[in-house]
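Step one of this worksheet: look at the structure below.
Everything quoted here is computed from the prediction, not taken from an experiment.
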Amino acid sequence: MTAQKESTHTTDPHAAGLVASLLPCPEPVQFVDATGRRVPGGEGGRGYAQPTAEQLVETWRRMVVGRRFDVQSTALTKQGRLAVYPSSRGQEACQVGAVMALRPDDWVFPTYRDSVALITRDIDPVETLTLLRGDAHCGYDPIARHTAAQCTPLATQLIHAAGVAHGEARRGRDTVALGFIGDGATSEGDFHEALNFAAVFNAPVVFFVQNNKYAISVPLSKQTKAPSLAYKGIGYGVPSEQVDGNDAMAVLAVVNHAVQRARDGGGPFLIEAHTYRLDAHTNADDATRYREADEVTDWLTRDPIARLEAWLRSEGLVDDARVEEVTAEAEAFATALRDRMNADPQVDPMSLFDNVFAEPTPELVEQRYMVAQEIAAEQEEQE
Amino acid sequence: MTAQKESTHTTDPHAAGLVASLLPCPEPVQFVDATGRRVPGGEGGRGYAQPTAEQLVETWRRMVVGRRFDVQSTALTKQGRLAVYPSSRGQEACQVGAVMALRPDDWVFPTYRDSVALITRDIDPVETLTLLRGDAHCGYDPIARHTAAQCTPLATQLIHAAGVAHGEARRGRDTVALGFIGDGATSEGDFHEALNFAAVFNAPVVFFVQNNKYAISVPLSKQTKAPSLAYKGIGYGVPSEQVDGNDAMAVLAVVNHAVQRARDGGGPFLIEAHTYRLDAHTNADDATRYREADEVTDWLTRDPIARLEAWLRSEGLVDDARVEEVTAEAEAFATALRDRMNADPQVDPMSLFDNVFAEPTPELVEQRYMVAQEIAAEQEEQE
Amino acid sequence: MTTLTMAQALNTALRDAITQDDDVVVFGEDVGTLGGVFRITDGLTRDFGEERCFDTPLAESGIVGFAVGMCMAGFRPVVEMQFDAFGYPAFEQVVSHVAKMRNRTAGAVQLPMVIRFPYAGGIGGVEHHSDSSEAYYAHTPGLKVVSPSTPADAYGLLRQAIEDPDPVVFMEPKALYWAKGEVQTPGQPLPFGRAAVRREGTDVTLIAYGPSVPVALKAADAAREEGWDVEVVDLRTITPFDDDTVARSVRRTGRCVVVTESHGFAGVGAEVAARVQERCFHSLAAPVLRVSGLDIPYPAPKLEHTYLPGVDRVLDAVARLQWDDEPDTRWLDSARGGAA
Amino acid sequence: MTTLTMAQALNTALRDAITQDDDVVVFGEDVGTLGGVFRITDGLTRDFGEERCFDTPLAESGIVGFAVGMCMAGFRPVVEMQFDAFGYPAFEQVVSHVAKMRNRTAGAVQLPMVIRFPYAGGIGGVEHHSDSSEAYYAHTPGLKVVSPSTPADAYGLLRQAIEDPDPVVFMEPKALYWAKGEVQTPGQPLPFGRAAVRREGTDVTLIAYGPSVPVALKAADAAREEGWDVEVVDLRTITPFDDDTVARSVRRTGRCVVVTESHGFAGVGAEVAARVQERCFHSLAAPVLRVSGLDIPYPAPKLEHTYLPGVDRVLDAVARLQWDDEPDTRWLDSARGGAA
Ligand SMILES: Cc1ncc(C[n+]2csc(CCOP(=O)(O)OP(=O)(O)O)c2C)c(N)n1
Ligand SMILES: Cc1ncc(C[n+]2csc(CCOP(=O)(O)OP(=O)(O)O)c2C)c(N)n1
Ligand SMILES: [Mg+2]
Ligand SMILES: [Mg+2]
């Protein structure tokens with residue numbers, strides 16, 4: 001009860017310390033610059049630890065595969081094999097980096113754009129694409145994979161992340177939940193409520209904002225006037241960081257820190273990763289309507305994969321042979337995916353009624369019977 | 001696009017300056033302490049100007065009348081003259097101070113608790129109490145008075161404030177909108193969306209949080225982990241301040257500043273006023289269930305009216321005669337109110353159908369006819 | 001058997017569920033220390049600890065979304081929306097997630113949660129405190145929508161709601177919180193989808209639920225004086241809907257009035273009327289009529305008695321089940337004449 | 001007369017309204033630079049400036065609430081919810097403020113705003129992109145709910161919606177955005193509350209609106225081959241409801257099927273069925289039947305054709321208007337037998 005004090009309002013050292021501990025670095029944390037050189041002092045005020053070589057090599061490998069998967073998926077839309085695909089080309093450092101910091105039993109709450117994060121979790125790529133192929137709403141088992149169904153209603157998934165994180169903590173488990181969200185979706189009320197719930201319940205959640213600069217056509221400047229999105233954390237008492245989202249090493253370093261902190265009972269953490277969506281919002285979008293080609297070209301020079309690869313090479317952690325190997329692996333991954341996606345499985349229409357309730361209500365039994373009769377009649381006609 | 005720079009992330013002076021300009025003082029701004037003494041340096045970093053003597057005397061007068069009105073209204077619930085009354089006893093410095101900083105053509109967006117703010121706007125006290133008496137949903141004309149209907153769905157009114165402020169600005173008017181909200185309601189998603197809209201459209205809105213420490217029974221500590229609610233502003237790029245909400249001079253000083261800034265095109269401002277609800281949430285609430293009597297007693301020593309009065313006396317701005325005069329005025333105000341509230345006006349049931357749409361739909365014409373028939377039949381029976 | 005108010009019966013149901021199942025958690029605004037503004041959760045925090053019943057920040061979307069997450073960790077949350085209209089901020093969570101989760105995950109994610117709504121009016125509440133929003137939820141596939149009218153049902157249906165593997169929207173008629181009745185405690189869950197015939201009769205069937213059941217019963221008493229023998233069916237659950245009990249009754253009586261407190265247009269009453277005429281057409285001697293709240297925003301306390309479908313309005317409808325094509329348009333025609 | 005798609009007709013209506021009334025402003029997500037994901041606002045920002053059409057932050061409650069505020073400053077906002085289901089976050093603003101504002105302020109605060117919802121399915125959208133939420137709004141007093149089925153109606157109804165002194169929920173059937181028709185431009189507002197008889201017939205009345213109108217018309221064509229002469233009524237506005245046109249038709253044909261794409265339970269179709277039997281009981285030779293979307297969450301693209309009420313399902317219903325008390329329970333009984 002600060003109002004109680006008869007203070008003269010010179011800066012309260014405790015408050016100042018608390019405030020400083022919550023605010024992000026004034027510039028995004030960056031470990032490796034666009035040319036692949038290690039940035040001295042890039043660890044920022046919190047001194048984030050450099051990830052292990054093993055983690056970094058694996059992150060790079062996953063990014064290469066992820067990129068190839070993403071490009072393949074966009075191609076599949078052109079062949080009519082996917083209803084829609086929201087590409088994350090250019091955002092691999094975020095999607096892979098964030099997931100690499102997690103254990104398999106940690107929870108992930110992805111959006112529609114986070115397919116690369118899903119395959120990084122080793123979710124079958126065909127199961128990953130089930131939603132976007134139009135077969136079903138979700139192709140994998142969210143409970144078994146500790147990975148929620150990809151979420152379309154923006155920002156809503158973050159509250160689920162807070163809830164499951166709190167629930168797991170109550171059960172005495174040390175799992176963490178990581179929720180992905182886009183820059184635009186931070187404007188939704190649910191973003192606010194999720195951060196606040198997580199903070200109040202000290203839930204082990206890492207909120208990971210992929211600030212790819214656009215919400216469909218709307219640029220960040222029309223979305224917020226905050227110095228950066230990471231400055232939203234302090235309003236909830238949640239420590240925050242901004243990170244160069246095209247620098248996988250920095251992403252990993254910051255997420256490693258946030259996850260460990262949450263795991264140790266330190267509560268939620270907010271990360272804003274500055275990145276860029278190289279492709280259009282989805283294959284159905286025409287990005288030329290709202291942004292200049294120059295901007296894209298410029299961001300191409302900051303490619304996350306090339307950057308990490310350059311650093312790994314400079315450290316002797318990968319060489320031509322290894323690059324070729326991983327490129328081949330990615331190619332094989334894409335080929336296998338394309339082949340499997342060429343099959344167009346029938347979906348049983350009667351499955352519509354299976355999971356509305358645990359047991360269908362009488363109303364649904366009636367409707368199911370109607371549909372069964374219709375299908376039988378159709379088949380009869382066709383015979 | 002900060003990610004573009006190859007910076008070494010030492011503090012960016014521009015960002016640091018911007019951040020400092022958005023953050024509140026680490027301690028609430030306080031001009032006058034609980035004993036009525038002027039606090040040296042209490043103006044905080046922004047150097048808020050001391051309000052004029054005239055403004056302060058008038059504020060004090062309005063607070064005395066407001067307190068008496070509030071106590072009278074609580075009494076009216078006991079006499080069955082009001083359906084419910086949410087008292088703001090103890091919060092007069094906020095309700096009166098905030099409104100005193102406004103022009104009549106500025107907009108106010110009050111909640112259910114802000115009846116004292118309404119009478120400070122010279123809205124007829126009976127019209128002010130129409131909602132709580134149960135006669136109608138709102139007793140005054142919000143457009144004529146530039147005062148929205150008292151709002152119950154928490155936080156929703158702040159977005160309206162942003163909208164009207166933006167609209168007025170587009171019409172070239174220099175009016176400002178002030179939106180009241182409670183501490184608890186800052187947890188709602190609409191609070192977030194309102195601040196963000198106001199910031200993005202640079203709308204002249206002052207968000208005034210009366211942090212009275214409870215949302216019904218829920219204490220602030222269960223509502224947020226923020227260092228203070230004023231720290232929410234920076235996440236929207238909205239400058240913020242915290243103020244001793246029982247110090248009318250400080251409230252006036254800060255709101256004067258915020259209003260002038262908004263009027264001059266500076267955009268929105270967020271104020272958290274630390275105060276305390278001395279009575280229960282409403283007459284229907286039992287505050288002993290969730291707080292100790294000691295806490296209330298303690299806050300009684302920080303009474304906003306006594307404090308300002310002490311200062312005004314010490315400055316020779318009021319004396320015994322003036323105090324007596326104003327006390328008598330407040331008494332007369334209360335007596336007149338009580339008398340007028342003793343009349344229990346009939347409300348015409350047919351008015352139910354008047355303002356659902358501009359013109360009733362055929363469905364409503366039909367239902368209106370039905371009700372008219374019912375009423376006629378009832379009257380016949382009674383005769 | 002004990003005599004309890006509906007509020008006490010609900011409180012007892014929560015206690016019994018918390019005692020029997022470690023996964024049951026209760027949370028919402030003011031449900032902890034205060035015990036809820038209607039005291040439905042009275043004493044739960046005191047007796048079972050913050051672990052089992054706790055206050056949340058003031059954000060309904062957050063509360064419902066948090067419950068979704070807790071279900072994913074295996075809990076069975078029972079959350080309270082403080083008043084019916086204050087559930088609207090959670091609408092997206094309810095419609096886009098709670099209702100659809102099982103379906104969109106092919107059964108993998110179950111949400112055995114209960115959302116409690118004190119609803120409807122008749123208690124002199126100011127605006128936004130007396131809405132009836134059951135139709136919004138009933139129209140949404142994937143939700144079960146329940147509303148008790150007696151303390152015994154309140155107990156049994158809430159127990160069932162908590163045990164149910166699906167999300168349940170549990171609508172508690174505020175005006176009946178203080179109504180008393182006999183309750184067996186500890187008692188059994190009351191299975192969903194079974195309407196109750198509250199009173200038998202031969203001439204006309206009144207169909208109601210929640211706050212409208214006592215109105216229908218009073219109307220039935222009054223109708224007896226006018227010579228009509230009225231049957232009263234209490235739906236208890238809106239989804240699942242008990243067509244059997246309803247149709248059996250109407251086929252027997254041949255006449256039907258649906259009584260709901262909510263707005264009539266596209267409400268649950270419309271569904272009931274549509275279903276009844278679909279299923280009992282050839283047994284009907286008159287159209288199925290609806291008596292409901294008016295299609296206006298719920299009014300200020302002084303006018304709520306005009307808004308609410310009371311005994312007289314129900315009796316008028318019963319009287320109009322006689323028996324030609326005109327009665328329902330009479331009003332409209334006259335009114336238009338008057339208005340022109 | 002020009003041939004326009006419905007999307008173009010809506011765009012033209014917005015242009016004409018902006019040109020004629022300085023207070024009209026258009027805003028929402030991606031409506032400015034991009035012209036909307038369905039291009040309904042295409043070119044408005046370019047041609048009229050950011051002042052008249054602008055992008056907002058991504059927050060639907062904010063968008064609707066901001067519009068409420070702008071109305072208080074005398075504007076007539078036309079806002080877009082990008083897809084139907086993404087209007088749910090704004091539900092509280094719509095139900096507790098937009099719908100009630102005139103009433104709660106005794107007429108002092110008017111909200112002449114339009115909320116545009118691209119709605120319904122049939123375009124292969126993934127989950128949450130094909131909801132039909134008109135029933136939620138139709139059930140809420142204080143809102144007018146409108147849905148065009150032709151480009152000409154889209155133009156005229158949107159013009160009326162913008163001129164209307166009351167808030168209008170404007171439901172645009174996505175699947176018909178690219179359907180073409182003749183439109184008079186600049187044209188006149190089309191008054192609300194007047195259903196259109198799209199096709200005359202003597203045997204049975206099909207009642208539909210929005211995306212279901214073309215289905216009903218196709219069914220009417222097909223029915224002709226089976227020997228039924230089918231009348232098709234397009235409601236155009238759900239509230240206000242045109243009882244006169246509907247009742248006149250059904251009293252003449254004596255049979256009625258209501259076709260809606262939305263879920264059936266407690267939907268607008270239920271209201272229509274309930275009203276029709278109330279008003280036309282003695283003219284009806286069979287119960288009023290409903291054909292609607294199934295009471296399941298809108299399915300994935302590959303199954304939407306099974307979900308959607310198509311021509312066959314309508315024809316089946318027409319066939320079932322014959323003529324005893326059993327048909328509607330046949331399914332249930334058989335199904336239960338099968339399930340047991
Ligand atoms: C509640 C809600 N409103 C609107 C939409 C439509 N929509 C889908 S993606 C999108 C833009 C999201 O932008 P951002 O959050 O930056 O994520 P990104 O797509 O850039 O990854 C919009 C408006 C939605 N899915 N949910
Ligand atoms: C959306 C919504 N949710 C819940 C409520 C019920 N309610 C009324 S007042 C209140 C507490 C508000 O606390 P606070 O914002 O601190 O304001 P105070 O009453 O202390 O002035 C609650 C929960 C409401 N009115 N609206
Ligand atoms: Mg984005
Ligand atoms: Mg408070």
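Minimum interatomic distance between B/V255 and B/F208 (heavy atoms only, all atoms of both residues): CG2-CE1, 3.6 Å. The shortest heavy-atom contact between B/C25 and B/E241 is N-OE1, 2.9 Å.
Looking at A/L22, the atoms closer than 4.5 Å to chain B (heavy atoms on both sides) all sit in the side chain, from C-beta outward. Using a 4.5 Å cut-off between heavy atoms, A/T186 touches chain B through its backbone atoms (N, CA, C, O) alone. Proximity to chain A is limited to the side chain of B/L23, based on heavy atoms less than 4.5 angstrom apart. In this structure, chain A has no heavy atom under 4.5 Å from any part of B/S228.
Residues A/R37 and A/W311 are not in side-chain contact: their nearest non-hydrogen atoms beyond the backbone lie 4.5 Å or more apart. Here the side chains of B/I181 and B/Q157 are in contact, with some heavy-atom distance below 4.5 Å.
The side-chain tip of B/R291 points at the ring of B/Y214 from less than 6.0 angstrom away and within 45° of straight on.
Salt bridge present: B/R307 and B/D244 bring a charged side-chain N and a carboxylate O closer than 4.0 Å.
Residues A/D247 and A/Q30 have side chains that never bring a donor and an acceptor to within less than 3.5 angstrom of each other. A/E295 and A/Y276 share a side-chain donor-acceptor pair at under 3.5 Å. Checking A/T156 against A/D190 by side-chain atom types alone, no donor-acceptor pair falls below 3.5 Å.
Among B/A230, B/S187, B/S240, B/G267, the residue with the largest count of heavy-atom pairs under 4.5 Å with chain A is B/S187. Ranked by heavy-atom pairs under 4.5 Å with chain A, the first of B/G189, B/G233, B/A155 is B/G189.
Listed by sequence position, B/F191, B/H192, B/E193, B/N196, B/A199, B/V200 are the residues of residues 191-201 of chain B in contact with chain A, using a 4.5 angstrom heavy-atom cutoff.
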